[in-house]
Engineer: 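Could you have a look at this structure, given as structure tokens, before my questions?
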Amino acid sequence: MSAITADTDAADDWLARNDAYLGAALAALRYRFDSAARAAQAREAASQPPSPAAPPAPEQQPPARPGRFFRLPVVGAAALPMLAAAAPAIDTPADDIAQRLAAASEGEPAPALLQLARRLGLSNFERDVLLLCVALELDTSIATRCATAQGQLARDFPTFALAMNLFDEPAWEALSPERPLRFWRLVEISQPGARALTASALRADERIVNYVKGLNYLDDRLAPLMQPMAAPPSASLPPSQQAAAQALLAAAVAYGGEPDARTVLVLRGPDPDSKHEVAATAAAELGLRLYRLPLQALPADAAELATLARLWQRETLLLPLALYLDAHQMAPAGADSAAPRLATFVARSGGVVIVDTRDGAQLPVATGAVIDVARPTPGEQHGAWASAVAARAPGLPALLSAQFDLSRTALAAIAAAAPAQADGAELQQRLWNACREQTRPTLARLADRIDARATWDQLVLPATETALLRQVVAQVKSRAQVYDEWGFRARMNRGLGVSALFAGASGTGKTMAAEVLANDLQLDLYRIDLSAVVSKYIGETEKNLRAVFDAAEQGGAILLFDEADALFGKRSEVKDAHDRYANIETDYLLQRMEAFGGLAILSTNMKSALDPAFLRRLRFIVNFPYPGPAERRRIWERAFPPATPVEALDHERLARLQLTGGNIHSTALAAAFMAAHAGTPVTMRLLLDASRVEFRKFDRPVNEADFRWIEGAGVRP
């Protein structure tokens with residue numbers, strides 16, 4: 001809505017003046033047609049010889065030059081009109097029309113047509129041509145006058161030829177596609193077949209007709225693509241984001257609203273919500289309405305893309321608008337065809353354009369600023385949590401801000417949804433679960449969420465490895481104290497997360513250990529599907545890895561890269577382009593692992609296959625040895641749930657079988673199914689039979705004496 005409509009009285013006054021101007025302009029146009037018709041009749045009568053019987057004609061006054069009193073003055077404008085009203089049809093002498101035009105043209109804001117001419121750079125002749133086309137929509141008599149002036153009833157439409165004969169100072173350049181009438185799509189030209197351009201029908205664009213009438217709105221050809229952005233938050237932004245909003249505002253103030261003006265600003269960062277709020281705050285300060293255009297909405301066809309850019313640029317001159325071009329999901333350069341479309345659109349559009357990117361973008365135009373926007377700092381998040389819940393749970397702000405990295409909007413929504421009567425442990429659990437739900441990544445294509453149920457008492461490892469796992473948990477829980485309260489964050493710019501490598505043979509408990517950590521930390525566990533991440537197409541692997549880490553960046557998830565040697569292998573000697581890009585993938589992964597702020601776990605069966613440079617960057621390396629007899633006995637003792645009917649088992653005998661923890665679990669489960677089918681409890685015979693099957697499954701030699709069981713003997717024969 002126009003700025004002038006904020007004041008109802010001012011809006012009504014402007015609408016009355018705009019109506020008066022349109023009425024006078026239409027009257028002037030009709031008078032011009034009629035004057036031209038009278039002049040043509042006089043010329044035709046003068047060319048005919050007088051009749052002998054007829055009395056001499058009275059002396060005629062030479063007709064006035066058509067339209068010489070009706071130049072439509074260009075008057076400056078301070079704001080844009082919005083409302084519409086019909087102009088009265090009148091026909092008054094030339095002096096009265098001229099006086100009415102002059103009176104209606106005075107004052108600020110100027111009538112809509114004069115504002116349009118000034119903003120879009122129309123000459124007097126071009127403005128008159130546009131008035132002629134608009135008049136056809138507002139006054140039904142104009143069609144008849146057009147047909148009469150062109151000598152054919154079927155030609156009841158304006159043309160460039162008609163305008164050149166009708167108006168003063170006609171200019172051929174007005175027909176050029178580079179001049180405003182055609183450049184800004186103010187008029188539409190219907191040119192069938194081989195008809196000359198000057199003889200083709202002209203029609204005013206519907207959006208322009210309504211603008212001249214005083215109705216100002218976003219072009220309906222743009223409305224399906226553009227999404228109005230939410231107003232800035234009522235609460236002030238955190239200081240770090242307020243500084244970004246002020247930097248954005250300072251970079252945009254140079255925009256002056258001229259037809260060739262363009263200000264391109266880039267917001268760079270991992271969190272779309274934070275960038276939205278910063279952009280909305282700056283746009284509100286500028287008095288601009290912010291619209292979002294997703295990158296995927298840009299048409300692939302070059303002509304359609306150019307038209308879209310031109311129409312948007314025109315809208316920025318008719319309305320106080322700014323564009324938020326959402327390219328956050330754009331892949332790195334060269335990996336996505338949307339990048340050239342973004343560059344083309346930005347180069348051809350105008351006004352204030354804010355480009356949202358994850359890591360920045362190469363644009364063919366100078367950018368006013370590239371501003372990094374992040375989520376609120378841990379200290380700011382701690383302060384926000386403290387304001388919301390510290391009175392009911394004093395230790396909770398430190399706990400939540402240490403684990404979760406939330407935008408201001410998400411944090412405020414979670415805090416507001418907490419029950420007012422909850423406090424203490426209940427409040428902590430509710431908020432923790434809400435944060436987990438809020439930060440749960442959308443990784444359906446690239447990862448599987450594991451329902452972590454394993455606990456410490458189910459995990460059987462040597463004491464050294466168990467102690468390392470407990471250190472992992474302790475570091476995750478103590479990050480806020482060490483990084484923020486003790487000042488380590490100010491000295492570090494990477495490695496703020498926790499990374500661990502679980503190395504050992506298959507079935508030694510690596511995945512179970514990851515479940516134990518997730519269960520203890522009350523976080524979601526995601527196993528990354530390497531077959532979906534690694535791609536043979538150049539750039540796609542990095543794109544997928546970025547999606548994985550970005551989705552988990554808010555801290556509510558643990559990433560488990562199973563069989564990581566397939567992705568984190570040793571960098572090879574560069575012999576061809578394939579080797580070079582494989583090394584690039586490894587380098588990119590090393591960088592993202594260091595920058596990742598959460599817990600990332602890698603598991604491998606072949607530790608020796610991993611890149612040594614990668615191993616140096618890991619904080620923990622936990623080796624999962626093949627279980628010995630003591631460990632196997634403990635695993636067998638915990639193999640069955642309490643509800644499973646089990647006869648007395650010889651755990652010493654079972655521990656002598658060379659099985660890993662994973663094999664033991666499979667054997668116990670198979671024996672349970674065999675017992676259920678037989679209608680008996682789980683017995684030693686069934687367990688040994690299931691163990692024999694497990695050995696054969698892996699092509700291991702089977703000594704039948706090891707699997708023989710004599711009922712009642714209780715010992716190996």
Engineer: Determine, for Arg656 against Glu652, whether the closest basic-nitrogen to carboxylate-oxygen distance falls under 4.0 angstrom.
Structural biologist: no
Engineer: Rounded to the nearest 0.5 Å, how far does CZ of Arg700 lie from CG of Leu659?
Structural biologist: 6.0 Å
Engineer: Please report the closest heavy-atom contact between Ala384 and Leu411, naming both atoms and the distance.
Structural biologist: CB-CD2, 3.6 Å
Engineer: By side-chain contact (heavy atoms from CB on, under 4.5 Å), which residues pair with Pro394, not counting sequence neighbours?
Structural biologist: none
Engineer: Could you state the interatomic distance from CG (Leu427) to CZ (Arg392), rounded to the nearest 0.5 Å?
Structural biologist: 5.0 Å
Engineer: Return yes if some donor-acceptor pair links the side-chain N/O of Ser691 with the main-chain N/O of Leu687 below 3.5 Å, else return no.
Structural biologist: yes
Engineer: Could you give the distance from OG (Ser401) to CG (Leu396), rounded to the nearest 0.5 Å?
Structural biologist: 9.0 Å
Engineer: The test is side chain to side chain contact (heavy atoms under 4.5 Å, CB included); show your working for Trp486 and Gln481 and say whether it passes.
Structural biologist: CA-CA 6 Å; Trp486 292 1; Gln481 181 179 6; 3.2 Å; yes
Engineer: Applying side-chain contact (heavy atoms from CB on, under 4.5 Å), can you list everything that pairs with Ala402, at least two apart in sequence or on another chain?
Structural biologist: Ala480
Engineer: Kindly write out the residues that satisfy ring-ring contact (aromatic ring centres under 6.0 Å, His included) with Phe695, not counting sequence neighbours, or none if the list is empty.
Structural biologist: Phe707
Engineer: Taking side chain as C-beta onward, heavy atoms only, is Arg449 less than 4.5 Å from Leu525?
Structural biologist: no
Engineer: Minimum heavy-atom separation for Pro376 and Ser274, please, with both atom names.
Structural biologist: CD-OG, 4.3 Å
Engineer: With a 3.5 Å cut-off and sequence neighbours excluded, list the donor-acceptor pairs that the side chains of residues 669-677 form with protein atoms.
Structural biologist:
none

Engineer: I want to check something: taking the side chain as every heavy atom from C-beta on, are Phe620 and Leu501 in contact at a cut-off of under 4.5 Å?
Structural biologist: no
Engineer: Any idea which heavy atoms bring Phe596 and Ala552 closest together, and the distance?
Structural biologist: CE1-O, 3.5 Å
Engineer: Less than 4.5 Å apart, any side-chain heavy atom of Ile558 and any of Asp524?
Structural biologist: no
Engineer: Is Trp636 close to Asp650 at the side-chain level, that is, under 4.5 Å between some pair of heavy atoms?
Structural biologist: no
Engineer: Any donor and acceptor pair, going by atom type alone, linking the side chain of Trp432 with main-chain N or O of Gln522 inside 3.5 Å?
Structural biologist: yes
Engineer: Between Leu468 and Asn623, does the side chain to side chain contact (heavy atoms under 4.5 Å, CB included) criterion hold? Intermediate values first, please.
Structural biologist: CA-CA 10 Å; Leu468 280 176; Asn623 293 305; over 6 Å; no
Engineer: Decide yes or no for Leu342 and Leu295: does some side-chain heavy atom of the first lie under 4.5 Å from some side-chain heavy atom of the second?
Structural biologist: yes
Engineer: Taking it one step at a time, do Leu657 and Arg632 satisfy side chain to side chain contact (heavy atoms under 4.5 Å, CB included)?
Structural biologist: CA-CA 8 Å; Leu657 299 176; Arg632 291 197 294 269; 5.8 Å; no
Engineer: Sort and list the pairs that fulfil side chain to side chain donor-acceptor pair (under 3.5 Å) and have at least one residue in residues 403-419, not counting sequence neighbours.
Structural biologist: Glu277-Arg408, Glu277-Thr409, Arg375-Asp405, Gln381-Asp405, Gln403-Arg479
Engineer: Give a yes or no on whether a salt bridge exists between Lys697 and Glu694, defined as a side-chain N under 4.0 angstrom from a carboxylate O.
Structural biologist: yes
Engineer: Holding to side chain to side chain donor-acceptor pair (under 3.5 Å), I want the full list of residues that pass it with Asn433, two or more places apart in sequence or in another chain.
Structural biologist: Gln429
Engineer: For His328, what residues pass the side-chain contact (heavy atoms from CB on, under 4.5 Å) criterion, not counting sequence neighbours?
Structural biologist: Pro272, Lys275, Asp326, Asp356, Arg358
Engineer: When you measure from the side chain of Glu553 to the backbone of Pro270, do you find a donor-acceptor pair of N or O atoms at a distance under 3.5 Å?
Structural biologist: no
Engineer: Report the residues that fulfil side chain to side chain donor-acceptor pair (under 3.5 Å) with Thr604, sequence neighbours left out, ordered by chain and then residue number.
Structural biologist: Asp565
Engineer: Could you name each residue pair satisfying ring pair (Phe, Tyr, Trp, His ring centres under 6.0 Å) that touches residues 487-536, not counting sequence neighbours?
Structural biologist: Phe502-Phe624
Engineer: Could you note down all residue pairs passing side chain to side chain donor-acceptor pair (under 3.5 Å) where residues 496-511 supplies at least one of them, sequence neighbours left out?
Structural biologist: Lys510-Asn605
Engineer: Please list, one pair per line, the donor and acceptor atoms closer than 3.5 Å that link side chains of residues 513-521 to other protein atoms, with sequence neighbours excluded.
Structural biologist:
residue	atom	partner	partner atom	Å
Glu515	OE1	Arg453	N	3.4
Asn519	ND2	Arg453	O	3.4
Asn519	ND2	Ala454	O	3.1
Asp520	OD1	Lys477	NZ	3.2
Asp520	OD2	Trp456	NE1	2.8

Engineer: When you compare the side chain of Phe561 with that of Arg527, does any pair of heavy atoms fall below 4.5 Å?
Structural biologist: no
Engineer: Considering non-hydrogen atoms only, spot the tightest contact between Glu631 and Pro627 and give its length.
Structural biologist: CB-CB, 3.8 Å
Engineer: In plain terms, say whether Glu637 and Arg634 are close enough for a salt bridge, that is, a side-chain N and a carboxylate O under 4.0 Å apart.
Structural biologist: no
Engineer: Evaluate Trp385 against Ile414 for side chain to side chain contact (heavy atoms under 4.5 Å, CB included), listing each step before the verdict.
Structural biologist: CA-CA 10 Å; Trp385 283 120; Ile414 292 173; 3.8 Å; yes
Engineer: Please confirm whether the backbone N or O of Glu465 pairs with a side-chain atom of Arg470, one donor and one acceptor, at under 3.5 Å?
Structural biologist: no
Engineer: Less than 3.5 Å apart, any donor N or O on the side chain of Thr660 or Asn663 sitting next to an acceptor on the other?
Structural biologist: yes
Engineer: State, yes or no, whether a side-chain contact exists between Asp562 and Ser603 at a heavy-atom distance under 4.5 Å.
Structural biologist: yes
Engineer: For the CG atom of Leu267 and the NE2 atom of His276, what is their distance to the nearest 0.5 Å?
Structural biologist: 9.5 Å
Engineer: Mind checking the CG-CG spacing from Leu545 to Asp550? Nearest 0.5 Å is all I need.
Structural biologist: 10.5 Å
Engineer: So which atom in Met684 and which in Arg653 form the shortest heavy-atom distance, rounded to 0.1 Å?
Structural biologist: CE-CG, 3.9 Å
Engineer: Tell me if a side-chain donor or acceptor on Glu380 pairs with a main-chain N or O of Thr377 at a distance below 3.5 Å.
Structural biologist: yes
Engineer: Is there side-chain contact between Leu618 and Leu602, with heavy atoms separated by less than 4.5 Å?
Structural biologist: yes
Engineer: Which pair of heavy atoms, one from Leu406 and one from Cys435, lies closest together, and at what distance?
Structural biologist: CD1-SG, 3.9 Å
Engineer: Hey, could you give me the CG/CG distance between Leu654 and Leu688, rounded to the nearest 0.5 Å?
Structural biologist: 6.0 Å
Engineer: Look only at the side chain of Gln475 and the backbone of Val472, and say whether a donor-acceptor pair between them is shorter than 3.5 Å.
Structural biologist: no
Engineer: Between Tyr626 and Gln658 (side chain of the first, backbone of the second, donor and acceptor by atom type, cut-off under 3.5 Å), is there such a pair?
Structural biologist: yes
Engineer: For Asp457, give me all partners under side chain to side chain donor-acceptor pair (under 3.5 Å), at least two apart in sequence or on another chain.
Structural biologist: Thr455
